[in-house]
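What follows is a set of notes on a single structure, which appears directly below.
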Amino acid sequence: MDFDFTGEQDILRDGLNRFLATRYDLERSRTAVKTGAGWQPDVWKAFADELGILGAALPEDVGGIGGGPVETMVIAEALGYALVVEPYVDTAVVCAGLLHRAGGPRALELLERVVAGSAIVSLAATEAASGDHWQDVETTARRDGSDWVLTGSKILAIAAPFATHLLVTAATPSGLSLFLVDRSQSTAGLELHAYRTVDDRRAADLVINELRLPSDALLGGEGQAAASLETARDDGAAAVCAEAVGCMRRVLGDTVAYCKQRKQFGQPIGSFQALQHRMVDMHMELEQSVAAVYLAVFNANAEPATRALAVSAAKATIGRAARFIGQNAVQLHGGMGMTEELAIGHYFKRLTAVQFEFGSTDHHVARYARLTRR
Amino acid sequence: VELAWSDEDIEFRDEVRAFLRDRLTPELQQAGRLMTSVYSDHDASMAWQAILHERGWAAPSWPVEYGGCDWTLTQHYIFSRESTLAGAPNLSPMGIRMVAHALVAYGSGEQKEFFLPRILTGEVFFCQGYSEPEAGSDLAALTMAATDDGEHLVCTGSKIWTTHAREANWMFGLVRTSRAAKKQQGITFVLIEMDSPGIEIRPLVMTSGEEIQNQVFFDEVRVPKANVIGELDDGWTVAKYLLEFERGGGASSPALQVMAEHIASAAADQPGPDGGPLLDDPAFARKLADARIRTDVLEVLEHRVLSVLASGGHPGPASSMLKILSTELSQTLTELAMEAAGPRGRIYQPHAAYPGGPVAGYEPPPDGYVSGEPWQAVAPLRYFNDRAGSIYAGSNEIQRNILAKAALGL
């Protein structure tokens with residue numbers, strides 16, 4: 001095992017951290033989601049042009065720089081530390097992976113646009129009745145001549161309101177299939193109900209009623225999407241784990257600093273042993289989370305069962321840590337932790353959402369139990 | 001020792017049920033069921049108080065001579081549980097459940113005569129001015145100055161975490177009237193009219209987006225000395241007495257039972273983490289059962305404290321234990337509600353709930369679209385707001401300090 005980063009990876013991380021520290025503003029990004037476009041196109045453009053992070057983990061033939069899971073980890077953690085609301089994990093990790101594995105001219109052409117920052121892709125895979133089981137799809141697609149006709153509904157498609165393209169899962173006669181919806185084409189039969197999430201992302205529910213798509217909208221083989229979708233979910237889970245580590249680093253740092261400075265009973269509250277022990281427990285949860293992310297990254301390209309085991313272990317660990325660190329950070333900040341006056345309130349909400357993204361904590365514990373059962 | 005209900009109790013329960021059936025309108029019921037915190041929508045809460053007052057049930061725990069009810073302990077419990085079960089909104093705790101007790105115990109004849117009937121009608125609506133930016137857990141460190149100017153105290157300083165300061169027309173608060181060696185001395189308990197010149201209110205936006213709490217600034221606000229409760233410089237005695245009412249002495253187990261029941265019925269229809277209904281998932285089912293067991297036991301603990309109150313005693317340090325147990329149990333239940341809400345627990349849609357205050361920077365969708373059921377919209381707001389349970393009314397760390405000292409002699 002090698003825990004050292006390459007020189008290129010160090011440069012990537014330092015450049016990104018410097019950019020975020022100087023040019024990513026918490027208030028401005030929240031405002032963009034609450035009352036603006038839902039994201040900051042200028043930031044996204046910088047991600048593509050100045051920092052090259054959108055293609056960092058993708059091969060050079062689609063415009064990427066040929067990195068892999070370690071690059072994704074480094075980027076996601078930095079974005080988590082700065083509480084970035086733009087859909088890096090959703091578009092540049094999850095959807096980019098789906099497009100890359102699907103192959104074919106349409107997918108690869110779109111992938112190049114993702115890397116260049118000119119396309120935002122949103123995955124619509126969750127349904128009301130499916131919960132964390134993306135394979136339980138009720139949305140259907142049928143052939144009509146050379147077209148595909150989709151009917152069904154999706155919930156919580158992250159970034160969908162401002163996405164240029166959607167990836168929609170649907171059941172076809174031979175299994176689970178993946179379809180590409182170009183929103184600049186006519187999309188009669190597609191209705192979006194846009195909203196924001198508690199952690200300040202824009203998302204939407206989709207109502208799909210006889211949505212007609214051209215034959216090349218099918219990505220990959222018909223009925224062949226399940227395995228790629230499983231990989232995408234594991235990639236997403238692993239990246240969100242790294243993002244959460246960034247959030248938790250910031251939150252623990254802020255909490256320790258606050259407890260050193262906040263005085264009650266004539267002394268800093270950080271001098272009270274009960275609170276010191278709490279912060280030490282938070283520290284240990286964070287260290288375990290860091291280790292859990294490595295576990296996921298080291299196994300990212302392993303065969304599916306091994307990868308699934310490692311990702312579930314990581315996501316379960318991060319779910320537990322995100323809850324403990326988030327809740328206790330609020331507690332130790334007292335009333336101020338309950339407000340939007342300090343950064344902690346925003347991070348707490350993200351750390352809450354993280355527990356449910358790409359499979360809840362219990363989902364991953366259950367999956368781990370299933371995979372290790374003889 | 002007896003937990004079973006008598007025939008009279010059953011008869012009383014039916015009377016309460018009939019009243020709730022007749023008078024709790026669907027609109028008020030929605031407001032009660034879709035609360036996002038312990039604070040109901042203000043208008044719904046006041047409307048429900050007026051209906052209760054008409055029946056003589058707005059403040060059942062008060063002495064009968066001031067408008068309370070001559071109920072047995074069991075009847076109080078039945079009333080509270082039935083109201084919660086039916087989805088009645090919460091009444092504001094500040095007037096009826098808090099300052100009124102200080103007035104009854106320490107108020108002058110004139111003060112009782114003026115305030116108690118008006119609290120009942122809602123004409124006087126109180127907020128609480130205890131915490132200050134530099135005096136939270138260390139409440140006795142409060143510094144808001146009240147200087148003696150003959151007939152008045154002149155108050156300058158600021159209070160924070162004041163619930164519903166903008167809705168209130170009166171505040172009960174603690175001010176510093178003198179500096180003594182012991183910081184608990186020299187504090188005075190006063191009632192301040194909120195439209196007094198020199199008061200400014202700044203709402204605080206909570207993580208849920210709601211504006212329920214406020215910071216209140218006082219710049220040479222003149223408060224008649226006639227509004228002091230108890231003795232000048234001896235407000236700590238009054239505050240300590242009240243804190244026991246704030247922390248315990250109520251019964252939270254009925255509300256917790258109802259929360260658990262709602263979670264169970266919702267979970268029956270939601271997908272579980274490993275396929276099948278969530279309620280059939282062994283991990284979830286056990287977590288929910290564990291929370292319900294804790295609630296059953298808390299209920300007995302609460303009854304024991306209520307029986308002390310009923311025989312004229314006051315709860316003492318046991319109120320600290322009840323405060324810790326009930327707030328931490330409530331937090332566990334809000335976690336389970338988030339799990340039941342599933343992916344939709346992440347969607348921010350306060351328009352489908354009844355928030356306890358205005359929601360900052362939020363435009364509901366023009367068509368009123370709600371993703372999923374309203375309870376799923378409530379789940380995250382309730383989860384966020386409930387984190388305050390272990391912070392307010394003396395943080396749970398402070399309560400543990402109290403118990404270490406008072407219950408264990410450490």
Side-chain angles (χ1 to χ4, degrees), chain A residues 30-31 34-35 126 128-133 136 155-156 193-201 203 205 262-266 269 272 274-275 278 323 326-327 330-331 333-341 344-346 348-349 352-353 355-357 359-367 369-370, chain B residues 131 133-141 160-161 204-209 213 270-275 278 281-284 287 331 335 338-339 341-349 360-363 365 367 369-372 380-381 383-385 387-388 390-392 395-398 400-401:
Chain A
R30 300 313 105 171
T31 305
K34 283 179 179 165
T35 53
T126 306
S130 75
D132 285 336
H133 283 241
D136 297 344
I155 62 169
L156 215 74
H193 294 283
Y195 43 71
R196 73 172 137 108
T197 62
V198 294
D199 53 321
D200 290 323
R201 310 285 165 110
D205 287 2
R262 170 75 174 169
K263 285 197 172 116
Q264 290 283 270
F265 306 103
I269 61 172
F272 297 122
L275 303 195
R278 195 92 51 87
R323 178 182 278 187
Q327 291 181 348
V330 170
Q331 183 70 21
H333 275 83
M336 289 311 293
M338 293 292 305
T339 68
E340 295 207 335
E341 308 253 316
I344 173 70
H346 299 288
F348 172 61
K349 290 192 276 190
T352 301
Q355 297 164 41
F356 298 94
E357 250 186 318
S360 69
T361 307
D362 276 3
H363 170 80
H364 283 286
V365 172
R367 188 166 79 147
R370 193 165 8 88
Chain B
S131 294
E134 300 305 322
S137 287
D138 188 7
L139 180 59
I160 197 165
W161 315 123
L204 297 160
V205 179
M206 309 310 284
T207 42
S208 67
Q213 316 294 329
Q270 293 300 313
D274 202 28
L278 180 59
D281 178 65
F284 183 82
K287 280 189 279 190
Q331 290 175 337
E335 286 171 7
M338 277 297 274
E339 290 178 23
R344 277 182 163 137
R346 202 180 157 194
I347 305 174
Y348 187 65
Q349 35 188 0
Y362 178 71
E363 271 304 318
D367 61 356
Y369 178 80
V370 176
S371 183
L381 305 175
Y383 174 75
F384 297 144
N385 285 330
R387 302 312 312 167
S390 49
I391 296 169
Y392 61 51
S395 72
N396 287 12
E397 286 81 4
I398 292 296
R400 285 182 167 88
N401 285 346

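Reckoned from all heavy atoms, side chains included, excluding hydrogens, waters and symmetry mates. Just so we're on the same page: letters track the sequence lines, and every chain starts at 1.
- Considering only heavy-atom pairs separated by less than 4.5 Å from chain A, the leading option among G342(B), G361(B), P343(B), A135(B) is P343(B).
- Across every non-hydrogen atom of G345(A) and T207(B), the tightest pair is CA-CG2, 3.4 Å.
- Looking at S371(B) and Q349(B), their side chains come closer than 4.5 Å, going by heavy atoms from C-beta outward.
- Annotation for W161(B) and S131(B): closest pair CD1-CB, 3.8 Å, computed over non-hydrogen atoms.
- By the 4.5 Å heavy-atom criterion applied to side chains, M338(B) and P380(B) are counted as neighbours.
- With a threshold of 4.5 angstrom between heavy atoms, A203(A) does not approach chain B through any atom at all.
- Heavy-atom pairs under 4.5 Å with chain A peak, among R400(B), E134(B), Q270(B), at E134(B).
- Proximity to chain A involves both the backbone and the side chain of Y362(B), based on heavy atoms less than 4.5 angstrom apart.
- Each of R201(A), R278(A), R262(A), R323(A) has some count of heavy-atom pairs under 4.5 Å with chain B, and the biggest count is that of R323(A).
- Per-residue counts of heavy-atom pairs under 4.5 Å with chain B were compared for K263(A), R367(A), R196(A); the largest is that of R196(A).
- Put simply, of Q355(A), E340(A), M338(A), K34(A), the one with the most heavy-atom pairs under 4.5 Å next to chain B is M338(A).
- At a 4.5 Å heavy-atom cutoff, E363(B) makes no contact with chain A through either its backbone or its side chain.
- With a 4.5 Å cut-off on non-hydrogen atoms, S130(A) touches chain B through its backbone but not through its side chain.
- P282(B) does not touch chain A: none of its heavy atoms, backbone or side chain, sits under 4.5 Å away.
- Only the side chain of L275(A) comes within less than 4.5 Å of a heavy atom in chain B; its backbone stays farther off.
- Between the D132(A) side chain and the S360(A) main chain, a donor and an acceptor come within less than 3.5 Å of each other.
- Across I269(A), T126(A), D199(A), the residue that shares the most heavy-atom pairs under 4.5 angstrom with chain B is D199(A).
- With a 4.5 angstrom heavy-atom cutoff, D367(B) touches chain A only via side-chain atoms.
- Both the backbone and the side chain of F265(A) have a heavy atom closer than 4.5 Å to some heavy atom of chain B.
- Side-chain N or O atoms of K349(A) include none that pairs as donor or acceptor with a backbone N or O of D200(A) at under 3.5 Å.
- Using a 4.5 Å heavy-atom cutoff, the side chains of Y369(B) and D205(A) are in contact.
- By the 4.5 Å heavy-atom criterion applied to side chains, S390(B) and Q331(B) are counted as neighbours.
- Salt-bridge check for E335(B) with K287(B): failed, with every basic side-chain N at 4.0 Å or more from each acidic carboxylate O.
- A heavy-atom distance below 4.5 Å is not found between the side chains of D274(B) and F284(B).
- Among A283(B), G209(B), G136(B), the residue with the largest count of heavy-atom pairs under 4.5 Å with chain A is G136(B).
- For the options L204(B), N385(B), V205(B), I160(B), heavy-atom pairs under 4.5 Å to chain A are most numerous at V205(B).
- Note: Q327(A) leads E341(A), H363(A), Q327(A) in heavy-atom pairs under 4.5 Å with chain B.
- Both the backbone and the side chain of F384(B) come within contact range of chain A, with heavy atoms under 4.5 Å apart.
- Neither the backbone nor the side chain of Q213(B) comes within less than 4.5 Å of any heavy atom in chain A.
- Taken from CZ in R344(B) to OH in Y195(A), the straight-line distance is 7.5 Å, to the nearest 0.5 Å.
- Using a 4.5 Å cut-off between heavy atoms, A141(B) makes no contact with chain A at all.
- No other option in H364(A), M336(A), H346(A) has as many heavy-atom pairs under 4.5 Å with chain B as M336(A).
- Y348(B) places a side-chain N or O within donor-acceptor distance of the main-chain N or O of S208(B), the cut-off being under 3.5 Å.
- Side-chain contact between D362(A) and F356(A) is absent, with no heavy-atom pair separated by less than 4.5 Å.
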